[in-house]
S.K.: 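Here's a structure for you.
Nothing here was measured: the structure is a model prediction, and the numbers come from that model. Chain A is the first sequence line, chain B the second, and so forth, proteins listed ahead of strands; every chain is numbered from 1. Hydrogens, waters and symmetry mates are skipped; everything else that's a heavy atom, side chains included, is used.
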Number of protein chains: 2
Amino acid sequence: MKKTTSDPRSNDLIAALWDTEEHSWLPQLEAIDMPLGEVLFDSGDTLKYVYFPTTAVISLMYVLESGATAETAVVGHEGVVGISLFMGGESALNSAEVRIAGNGYRLKADTLMEEFQRCGAVQHLLLRYTQALLAQMSQTAVCNRHHTVDQQLCRFLLQSLDRLQGNEIAMTQELIANSLGVRREGVTAAATGLQKAGLIRYARGQISVLDREGLEERSCECYAVVRDKYEEVLSGTVDDAVCPLKADAPAAQR
Amino acid sequence: MKKTTSDPRSNDLIAALWDTEEHSWLPQLEAIDMPLGEVLFDSGDTLKYVYFPTTAVISLMYVLESGATAETAVVGHEGVVGISLFMGGESALNSAEVRIAGNGYRLKADTLMEEFQRCGAVQHLLLRYTQALLAQMSQTAVCNRHHTVDQQLCRFLLQSLDRLQGNEIAMTQELIANSLGVRREGVTAAATGLQKAGLIRYARGQISVLDREGLEERSCECYAVVRDKYEEVLSGTVDDAVCPLKADAPAAQR
DNA sequence: TGCGTTATGTGTGGTGGCGTACAGACAGGC
DNA sequence: GCCTGTCTGTACGCCACCACACATAACGCA
């Protein structure tokens, strides 16, 4: 372990748990590459690992029978991919696909489950994170119903930006279209608009965000709502995160 | 307590936990009426209770700044309202509104939390249920993106039907429109179509489903996907639901 | 240098749903 | 009986987005 991107603590959840007493599992984190387009798992798969992105960004995608797709949530360094595991589902709800190449860590399913079932800080934090993910999915549902492609593109860019360093996003319009569940041409139109308004610059899969505030204004409320929810849910200190019963009763009890 | 609707076991989650050793909290369930339109809590509220519907049906609604609404999930006798509580959020994500009048039970937040934190059957079952709810929300997101009002109305009616006895649904088109997040006229058009096709009969807030299978065919895949997920997740026996650590340590998950 | 591949811009016509407006139809209260 | 509020049906113009079809432009590699 040397620098930021190869430090597990680049993932916020891992960072939050780094100094708790329950960290025997931390050395078992396995650094991995997450190349663009890689599918971590498909809908219905049994999970062998959970994934903690650091520089990569992962889409939770749903694929309809018709082949149409839509992203239901996005996960970056603030989160973890594979919550179905500890939520007790036999199989994954969505497929998870790398949308922005980068790095991350994975942890064996067994290892995570052992920690989760101690009913301590790990469990508490993961559940809080799941709560935020729920908020994101529910907001996505509403956003898909009521907001225009233009607004959603702004939201999408902002959500991506928050999970990256700098203000460059490497992503084609085609890929964005698949994520938003709209046609590529629709994204072209919206992106052209943003470019003309001077908010972004676009060049063959490279987007430079020139005016973040402008994007925020043009975006629908969904961006801010979800961001705030993440802050609320994940800002709880790890002290808070310790299971209240743990003090007086043995941690792993019944 | 006398008959079916006034037996807490009319709620599937309660029924599943009825015979476990951890049932000291069951007598604390408080029977309540859930009249049409009642708001159990609003988005952002701190939860004082969780609610177990029996005959009532509850919508988890999101209200946008513009005033537009959309349902993100629906809960009936198969579930519980107020998951934010045990997921560790300070406040509710959505508002919860009674969409079909009926009965249910409520439980004090503190009481539920105590049981949840025992890390036993209660926790396991609630998490599995939350997983199903997540599936529903994510499916709603995709459905809102890709499916027509016509398809969604079918899904909506089927989901309502599953939570009721008989084949009568008491609901105005206005209310359905608010749930689906579309105009009332859109619902009128779709409902007229269903009526002409002989699938339903409509009369001033009373819908009779005449051909359930027809509705299923006309519905989008979302209905079946979510239904199956609920079955998968909630069919796990309560034995499965007991925390593996409880028996003794290494029994950890499958 | 040239050619295929990938990424983006544009155009035309069709459709689903929206906003608005209004008309009939039924129910319940007086 | 009548009246009023609620519920449902219909119509018109509009816009966002779709499906399909092409044109253009940049890059990457032989």
S.K.: Nearest to the side chain of Arg183(A), which nucleotide is it out of dT20(C), dT10(D), dA19(D)?
M.R.: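 Closest nucleotide among those given: dA19(D).
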
S.K.: Taking atom CZ of Arg201(A) as the centre, does the number of heavy atoms from other residues, nucleotides or ligands within less than 6.0 Å exceed 12?
M.R.: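 Incorrect, the count does not exceed 12.
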
S.K.: Looking only at heavy atoms, what is the nearest atom pair of Ile14(A) and Leu29(A), with distance?
M.R.: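 Shortest heavy-atom separation between Ile14(A) and Leu29(A) comes out as CD1-CD1, 3.6 Å.
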
S.K.: Looking only at side-chain N and O atoms, does Thr192(B) come under 4.0 Å of OP1 or OP2 in dG9(D)?
M.R.: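 Answer yes for this pair, as a side-chain N or O of Thr192(B) is under 4.0 Å from OP1 or OP2.
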
S.K.: Could one point to a donor on the side chain of Glu185(B) or the base of dA21(C) with an acceptor on the other under 3.5 Å away?
M.R.: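 Checked by distance alone, the answer is yes.
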
S.K.: Tell me the interatomic distance from Leu180(B), atom CG, to dC18(C), atom P, rounded to whole angstroms.
M.R.: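 Between P of dC18(C) and CG of Leu180(B): 10 Å.
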
S.K.: With the threshold set at 4.0 Å, does a side-chain nitrogen-carboxylate oxygen contact exist between Glu90(B) and Arg128(A)?
M.R.: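 Salt bridge flag = yes for Arg128(A) with Glu90(B).
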
S.K.: Mind calculating the distance between CG (Asn178(B)) and C1' (dC7(D)) to the nearest angstrom?
M.R.: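 Going from CG in Asn178(B) over to C1' in dC7(D) covers 14 Å.
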
S.K.: Enter the distance from Met137(B):CE to Cys143(B):SG here, rounded to the nearest 0.5 Å.
M.R.: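 Those atoms lie 14.5 Å apart.
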
S.K.: Output yes when at least one side-chain N/O atom of Gln173(A) is less than 4.0 Å from OP1 or OP2 of dG9(C), else no.
M.R.: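 Yes, such a contact exists.
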
S.K.: At what distance, to the nearest 0.5 angstrom, does CG of Asn103(B) lie from CG of Asp33(B)?
M.R.: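 Here the rounded value is 5.5 Å.
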
S.K.: With a non-hydrogen cut-off below 4.0 angstrom, is Gly205(B) in contact with a base, only sugar-phosphate, or nothing?
M.R.: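 Answer is sugar-phosphate: Gly205(B) comes under 4.0 Å of backbone atoms only.
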
S.K.: Is the side chain of Asp7(B) donor-acceptor paired with the backbone N or O of Arg9(B) at a distance under 3.5 Å, no angle test?
M.R.: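 Yes, the answer is positive, given that a donor and an acceptor are paired below the 3.5 Å cut-off.
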
S.K.: Quiz question: going by heavy-atom distance under 3.5 Å, is there a donor-acceptor pair between the base of dG9(C) and the side chain of Arg184(A)?
M.R.: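 Result: at least one qualifying N/O pair found.
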
S.K.: Ignoring backbone atoms, test whether Arg204(A) places a side-chain nitrogen or oxygen under 4.0 Å from the OP1 or OP2 oxygen of dT8(C).
M.R.: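 Indeed not, no polar side-chain atom of Arg204(A) lies that close.
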
S.K.: I need the CD-P distance between Glu174(B) and dT8(D), as an integer number of Å.
M.R.: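 After rounding, the reported distance stands at 9 Å.
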
S.K.: Can you find a side chain N or O atom of Gln195(A) that sits less than 4.0 Å from OP1 or OP2 on dT8(C)?
M.R.: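 Answer is no, no contact under 4.0 Å.
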
S.K.: Listed in order of residue number, which residues of residues 141-160 of chain B have a non-hydrogen atom at under 4.0 Å from DNA chain D?
M.R.: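 Contacts with DNA chain D under 4.0 Å: none.
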
S.K.: Rounded to whole Å, how long is the line connecting atom CG of Leu194(B) with atom C1' of dT8(D)?
M.R.: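 Rounded to whole Å, this separation is 15 Å.
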
S.K.: Heavy atoms only, 4.0 Å cut-off, all strands: where does Thr172(B) land among base, sugar-phosphate and nothing?
M.R.: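 It contacts sugar-phosphate atoms only.
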
S.K.: Choosing from dT10(D), dT20(C), dT8(C), which nucleotide comes nearest the side chain of Tyr202(A)?
M.R.: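 Of all the options, the side chain of Tyr202(A) is nearest to dT8(C).
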
S.K.: I'd like to know if the side chain of Thr140(A) and the backbone of Thr72(A) have a donor-acceptor N/O pair within less than 3.5 Å.
M.R.: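 Yes, because the side chain of Thr140(A) sits within donor-acceptor range (under 3.5 Å) of the backbone of Thr72(A).
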
